[in-house]
Each structure stands twice: as C-alpha cells, then as structure tokens.
K.L.:
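Take a look at the following structure, please.
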Amino acid sequence: MKEERIKIALQKSGRLTDHTLELLQKCGLVITKGKDKLIAYGENMPFDLLFVRDDDIPSLINDGLCHLGFVGLNVAMEKNIHFKSLSDNKPFSIEATLDFGQCRLSFAYPDEADIQSISDLEGKTVATSYPRIVSDYIDQQNLNINVTEFTGAVELAPSLGKSDAICDLISSGSTLRAHNLIEGEVVLESSAVIISANNQLSESKQQWVDKLLERIDGVLQVRESKYIMMHAPRDAIDKITALLPGSESPTIISLEGTDKMVALHMVCLEDVFWETLEGLKSEGASSILVVPVEKMLA
Ligand code: PRT
Ligand code: ZN
C-alpha cells in the first residue's frame with residue numbers, strides 16, 4: 001500500500017525560509033531535496049516539503065493541495081479576506097504563532113506632507129501590497145481613502161506621485177527613514193504562523209500532524225528556557241520563584257547538615273539576565289547555575 005504523505009508548503013527563498021527549515025530540523029525531520037529543488041522528502045517522517053512563493057501558500061492550503069503552511073500572518077490574513085469573498089471558501093486555521101518573521105503593517109507618511117494621522121488622508125490615496133487588510137481597516141475607521149495596490153517597492157509610491165501615503169511592512173524602520181517617511185498607525189502586528197487546511201485527515205496522518213505541532217511547541221518553549229539550580233534559604237522559596245517566570249513548583253532537595261538551606265532546581269521559561277541573578281542573590285541564594293534546555297516535552 002502507498003505510504004500516506006503529508007505536504008507542507010514553505011517559502012522557497014526569502015526571509016522565512018531558513019527559520020522554517022531550522023525549526024523543522026529541530027523537530028527531528030530529516031529531508032532529502034528533489035532534483036528540481038521544489039520539493040524535499042522527509043526521510044524519517046511522512047512529510048514532504050513544497051518550496052513555493054509565500055503568496056501562493058494560503059491557496060495551496062485552501063485548495064487542499066498542502067495540509068500545513070508556514071507563512072507570514074500578513075499574507076495569511078490578506079488571502080483570508082479574499083477567500084471569504086469566494087463561494088468555495090474553506091477557511092484555514094492558524095495552528096501556531098512562531099518566533100520569527102516579526103514585523104508590523106503600518107501607515108507611513110512623507111515627512112514633508114501635512115499628514116499626522118490616518119484621518120488626514122480623507123479623500124487621498126494610500127499605496128500598499130495588502131489592499132484588503134488596509135481597506136478593512138479604513139472601513140472600520142469610517143474613512144474614505146483610496147487604496148491602490150502596489151507590488152514591490154511600496155515606499156517609492158509617494159515620491160513617484162502614485163500615492164499620498166503608504167501602508168507597508170516595517171521591521172527596523174530603516175527603509176522608511178531612507179525614503180523620508182514617518183510611521184503612523186499600526187494596522188497589524190505580524191510574525192510567521194503555521195496554517196492548516198480544514199479538511200479531514202486520516203487518523204494516522206492526523207497523528208503525525210499532531211506530533212509535529214507538539215514538537216514545534218516544544219522547540220518554541222525551550223528557545224528561551226533555562227534550567228536553574230541554586231542553594232537558597234527555605235523561607236525565601238516563594239520570593240525566589242516569583243523572580244523567575246514559569247518556574248512554579250520547583251524541585252526542592254534537602255541539604256546535608258542544614259534545615260534552613262535547600263537546593264532548588266527549576267525550569268524558567270524566559271531568558272535569565274544578570275539583574276535576575278543579582279535579585280536571587282539578594283534573597284539569599286548562592287551557587288546559582290543557569291544552563292540551556294535542549295528539548296522539552298510538556
Ligand atoms: O518571493 P516571495 O514572494 O516568496 O517573497 P517576498 O519577497 O514576498 O517575501 P519576503 O521574503 O520579503 O518576506 C516574507 C515575510 O517575511 C513577509 O510576508 C513578512 O511576514 C515577513 N517580514 C518580516 C518582512 C519583513 N520583516 C520586512 N521588513 N517582509 C518584508 N519586509 C520588507 C518590507 O516590505 C520593506 O520593504 O522590508 C522592508 C522594511 O524593512 P525595515 O527593516 O527597513 O523596516
Ligand atoms: Zn511574496
């Protein structure tokens with residue numbers, strides 16, 4: 001019988017590609033690339049990877065050609081608004097929010113124009129690659145602003161006389177500065193997400209998808225997590241755990257020859273900074289060891 005394979009769509013070449021591949025590899029997936037480099041086959045799990053343009057990922061999911069997709073929330077939402085207007089819409093679900101691809105979709109205004117906020121754009125034109133998200137946002141504000149779709153270098157639209165403002169993705173803000181644009185209202189905070197098709201899978205396929213999503217969750221959780229060991233006064237345990245987010249229920253081990261001091265072992269779900277260690281020390285902790293966590297299964 002032919003083995004059941006599950007198709008995952010990811011960006012072929014762009015900002016999300018390396019992060020996505022690294023995440024899948026940390027989940028234990030070993031892949032071999034096909035000759036055309038458009039597909040890679042999972043060697044140890046029944047997942048095949050399809051390398052495509054990010055804009056095509058939501059349609060591949062909506063059409064049932066791939067089951068999971070790694071894509072920016074901005075792209076997923078733009079396509080979702082489009083799919084909702086179609087009759088054969090089978091909306092996809094967002095399975096996980098990932099810790100890469102962070103950016104925001106914001107309005108930006110030329111610094112010499114007399115525009116301080118979106119309300120000054122009434123009757124004017126905004127250029128964007130996300131016309132549906134932006135139009136919805138403008139409708140919610142009860143404003144009348146023309147939205148013109150611009151693919152490619154949106155930040156050039158005002159200086160080319162194509163628009164009065166733009167609404168584009170921003171991460172560091174340096175592109176805006178280089179084009180004398182000032183950031184205004186944030187329409188969407190985005191990062192990479194995993195979307196999944198809403199079609200029913202066979203039991204065994206669903207088990208594999210659940211396993212992969214569980215491993216992804218585990219990888220995301222441990223990225224910042226630390227395992228912490230220390231000696232501490234027994235009566236300072238509450239204050240010490242309060243200093244370390246996610247470290248409720250520490251393991252408490254008695255120390256030979258003293259009732260007042262104990263050894264504490266715990267997982268902290270966030271990075272531990274020097275300031276926190278200094279705080280622990282001032283609560284009486286000593287011999288503090290902080291080590292990275294490699295894998296965690298909740
Ligand atoms: O070829 P394909 O269509 O697959 O790729 P693409 O060119 O459409 O996408 P790509 O690789 O540029 O981005 C993929 C995803 O990364 C986006 O959909 C976002 O979810 C996310 N992302 C995160 C960003 C940025 N940060 C980002 N800064 N996408 C684009 N930018 C661009 C932005 O459009 C602007 O031109 O970077 C510029 C601004 O950056 P700063 O740092 O100067 O503010
Ligand atoms: Zn794209």
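When a ligand or atom number is given, it counts from 1 through the structure's own listing order.
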K.L.:
Quick check: are there more than 12 heavy atoms from other residues, nucleotides or ligands sitting under 6.0 Å from NZ of Lys239?
P.N.:
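Not buried by this count: 12 neighbours or fewer within 6.0 Å.
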
K.L.:
Regarding atom 39 (C) of ligand 1: of the candidates Val71, Leu73, Thr175, which has the closest heavy atom?
P.N.:
Thr175

K.L.:
Out of Leu169, Ile170, Val52, whose heavy atom sits nearest atom 29 (N) of ligand 1?
P.N.:
Leu169

K.L.:
Out of Arg53, Gln11, Glu78, who is nearest to atom 5 (O) of ligand 1 when you count heavy atoms only?
P.N.:
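Among Arg53, Gln11, Glu78, the closest heavy atom to atom 5 (O) of ligand 1 belongs to Gln11.
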
K.L.:
Number the atoms of ligand 1 from 1 as they appear, then name those within less than 4.0 Å of a heavy atom of Val75, with their elements.
P.N.:
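Answer for ligand 1: 18 (O).
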
K.L.:
Can you pull the side chain to side chain donor-acceptor pair (under 3.5 Å) pairs that have at least one residue in residues 24-34, sequence neighbours excluded?
P.N.:
Glu22-Lys26, Thr32-Glu43

K.L.:
Do you know the tightest heavy-atom contact between Gln141 and Ile118?
P.N.:
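So the minimum-distance heavy-atom pair works out to CG-CD1, 4.4 Å.
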
K.L.:
In terms of atom number and element, which parts of ligand 1 are under 4.0 angstrom from non-hydrogen atoms of Gly14?
P.N.:
11 (O)

K.L.:
So, is Leu16 polar-close to ligand 1, with some N/O to N/O distance under 3.5 Å?
P.N.:
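So ligand 1 has no N or O lying under 3.5 Å from an N or O of Leu16.
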
K.L.:
For Asn44, does the CG atom sit with more than 12 other heavy atoms under 6.0 Å from it, leaving out its own atoms?
P.N.:
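Counting neighbours around CG of Asn44, more than 12 heavy atoms of other residues, nucleotides or ligands fall under 6.0 Å, so yes.
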
K.L.:
Evaluate Asp271 against Lys226 for side-chain contact (heavy atoms from CB on, under 4.5 Å), listing each step before the verdict.
P.N.:
CA-CA 6 Å; Asp271 206 354; Lys226 297 283 180 286; 3.4 Å; yes

K.L.:
Does Asp259, at its CG atom, have more than 12 non-hydrogen atoms belonging to other residues, nucleotides or ligands within less than 6.0 Å?
P.N.:
no

K.L.:
Among Arg15, Glu183, Glu155, which one has a heavy atom closest to atom 31 (N) of ligand 1?
P.N.:
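It is Arg15 whose heavy atom sits nearest to atom 31 (N) of ligand 1.
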
K.L.:
Which is the closest N/O/S atom of Asp55 when seen from the Zn ion (ligand 2)?
P.N.:
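So the atom name we want here is OD1.
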
K.L.:
Please report, to 0.1 Å, the donor-acceptor pairs under 3.5 Å made by any side chain of residues 210-223, with sequence neighbours excluded.
P.N.:
residue : atom : partner : partner atom : Å
Asp210  : OD1  : Gln206  : NE2          : 3.0
Arg215  : NH1  : Cys27   : O            : 2.9
Arg223  : NE   : Asp99   : OD1          : 3.4
Arg223  : NE   : Asp99   : OD2          : 2.6
Arg223  : NH2  : Asp99   : OD1          : 3.1

K.L.:
If only atom types and distance count, is the side chain of Ser93 paired as donor or acceptor with the main-chain N or O of Glu95 below 3.5 Å?
P.N.:
no

K.L.:
Give me the residue, atom name and distance of the protein heavy atom closest to atom 28 (N) of ligand 1.
P.N.:
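Answer for atom 28 (N) of ligand 1: Ser171 OG, 2.9 Å.
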
K.L.:
From the options Ser129, Gly101, Cys103, select the one whose nearest heavy atom is closest to atom 26 (N) of ligand 1.
P.N.:
Cys103

K.L.:
About how many Å separate OG of Ser129 and CD of Glu149, when rounded to the nearest 0.5 Å?
P.N.:
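Rounded to the nearest 0.5 Å, the CD-OG separation comes out at 7.0 Å.
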
K.L.:
Answer side chain, backbone, both or neither: which part of Asp168 comes under 4.0 Å from ligand 1, heavy atoms only.
P.N.:
side chain

K.L.:
State if Gln102 counts as touching ligand 1 under the rule of any non-hydrogen atom under 4.0 Å.
P.N.:
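It does; at least one heavy atom falls under 4.0 Å.
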
K.L.:
The Zn ion (ligand 2) is nearest to which N, O or S atom of Asp54?
P.N.:
OD1

K.L.:
When you measure from atom 41 (P) of ligand 1 to every protein heavy atom, which one gives the shortest distance, and what is it?
P.N.:
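Going atom by atom, the protein heavy atom closest to atom 41 (P) of ligand 1 ends up being Ser172 OG, 3.4 Å.
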
K.L.:
Checking contacts here: is it the side chain or the backbone of Lys12 that comes within 4.0 Å of ligand 1, counting heavy atoms only? Could be both or neither.
P.N.:
neither

K.L.:
Can you label the angle between the Tyr137 ring and the Phe107 ring as parallel, tilted or perpendicular, going by 30° and 60°?
P.N.:
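Tilted.
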
K.L.:
Give the residue and atom name of whichever protein heavy atom lies nearest to atom 44 (O) of ligand 1, and the separation in Å to one decimal.
P.N.:
Gly173 N, 2.7 Å

K.L.:
Report the member of Asp54, Leu176, Val193, Asn74 with the shortest heavy-atom distance to atom 8 (O) of ligand 1.
P.N.:
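Answer by nearest heavy atom: Asp54.
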
